[in-house]
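A, B, ... follow the sequence lines: proteins, then strands. Residue 1 opens every chain.
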Amino acid sequence: GENVEQHPSTLSVQEGDSAVIKCTYSDSASNYFPWYKQELGKGPQLIIDIRSNVGEKKDQRIAVTLNKTAKHFSLHITETQPEDSAVYFCAASSRAGTALIFGKGTTLSVSS
Amino acid sequence: DAGITQSPRHKVTETGTPVTLRCHQTENHRYMYWYRQDPGHGLRLIHYSYGVKDTDKGEVSDGYSVSRSKTEDFLLTLESATSSQTSVYFCAISESPANTGELFFGEGSRLTVL
């Protein structure tokens, strides 16, 4: 079945360092790859997304890269700040395009 | 913030009892989803709806049913709750299919089945 693997499950960095979270997807028909951030006690919120016809996208301190051949995509956060501490989920669109399949999440802790 | 309200926000129930969770939206979005979130499993899709009375199963639909009789409401029913259904349930909505745009999530409903 459709599957999204996400690594690492936990990540601790010092303020100002970079953080990288990696995901792989199984279905070559997936064409949309969003990243969601979940703060404690809240629902996930979209932070950045990328489509299959684009290799990289950047928005201030965050960037996402996509390697369609390898079915890998990654989230890069530069100059991390304590408020970046949260759970991050990657996702890939289902074959039918009607739903998102999420990874298991990465808990990012940024210490000052 | 997208207008999504989940109710109840917290519920404790006993094994074998029926439970209904409600998701209400004020955005008039066509697509609605129910996900469950469990430690070590992330977010898993239970059911989704692509219009009034149009629903389909997700990856973990066993033991759950849904109904959507009007655009703004999407109900998730556990006919006979089991302890394995203890979880945090999130409703999400989107204006277009999931592979074209943002999903907006509610605040979650925490269900404990004793």
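Within the 4.5 angstrom heavy-atom criterion, only side-chain atoms of A/Q38, from C-beta onward, approach chain B. Heavy-atom distances place no part of B/Q6 under 4.5 Å from chain A, backbone and side chain included. Using a 4.5 Å cut-off between heavy atoms, B/L45 contacts chain A through its side chain alone, with no backbone atom that close.
Around atom NZ of A/K37, more than 12 heavy atoms belonging to other residues, nucleotides or ligands sit under 6.0 Å away. Around CZ of B/R44, the count of heavy atoms belonging to other residues, nucleotides or ligands within 6.0 Å exceeds 12. For A/Q81, the CD atom counts as densely surrounded, since its 6.0 Å shell holds more than 12 non-hydrogen atoms of other residues, nucleotides or ligands. Environment of CD in B/E72: crowded, with over 12 heavy atoms of neighbouring residues, nucleotides or ligands closer than 6.0 Å. Within 6.0 Å of atom CG in A/L40, 12 or fewer heavy atoms from other residues, nucleotides or ligands are found, so the atom counts as exposed in its surroundings. For A/Q60, the CD atom is loosely surrounded, since the number of other residues' heavy atoms within 6.0 Å does not exceed 12.
Taking each heavy atom of B/N99 and A/R51 in turn, the nearest pair found is O-NH1, 3.0 Å. In terms of heavy atoms, A/F89 sits closest to B/Q37 at CZ-NE2, 3.3 Å.
Comparing A/S30, A/S93, A/S9, A/G43 by heavy-atom pairs within less than 4.5 Å of chain B, the highest count is held by A/G43. For the set A/A99, A/G105, A/P44, A/A92, the entry with the most heavy-atom pairs within less than 4.5 Å of chain B is A/P44. Your options are A/N31, A/V4, A/V87, and the one with the most heavy-atom pairs under 4.5 Å with chain B is A/N31.
Under the 4.5 Å side-chain heavy-atom criterion for grouping Ile, Leu, Val, Met, Phe, Trp and Tyr, A/I48 is connected to A/I21 within one hydrophobic cluster. In this structure, A/F102 is a member of the same hydrophobic cluster as B/Y48, with clusters built from ILVMFWY side-chain heavy atoms closer than 4.5 Å.
No side-chain heavy atom of B/Y33 sits under 4.5 Å from any side-chain heavy atom of A/L100.
For A/T98 and B/Y50, the side-chain atoms include no donor-acceptor pair closer than 3.5 Å.
Here the CG-OH distance, from B/L103 to A/Y36, works out to 4.5 Å after rounding to the nearest 0.5 Å.
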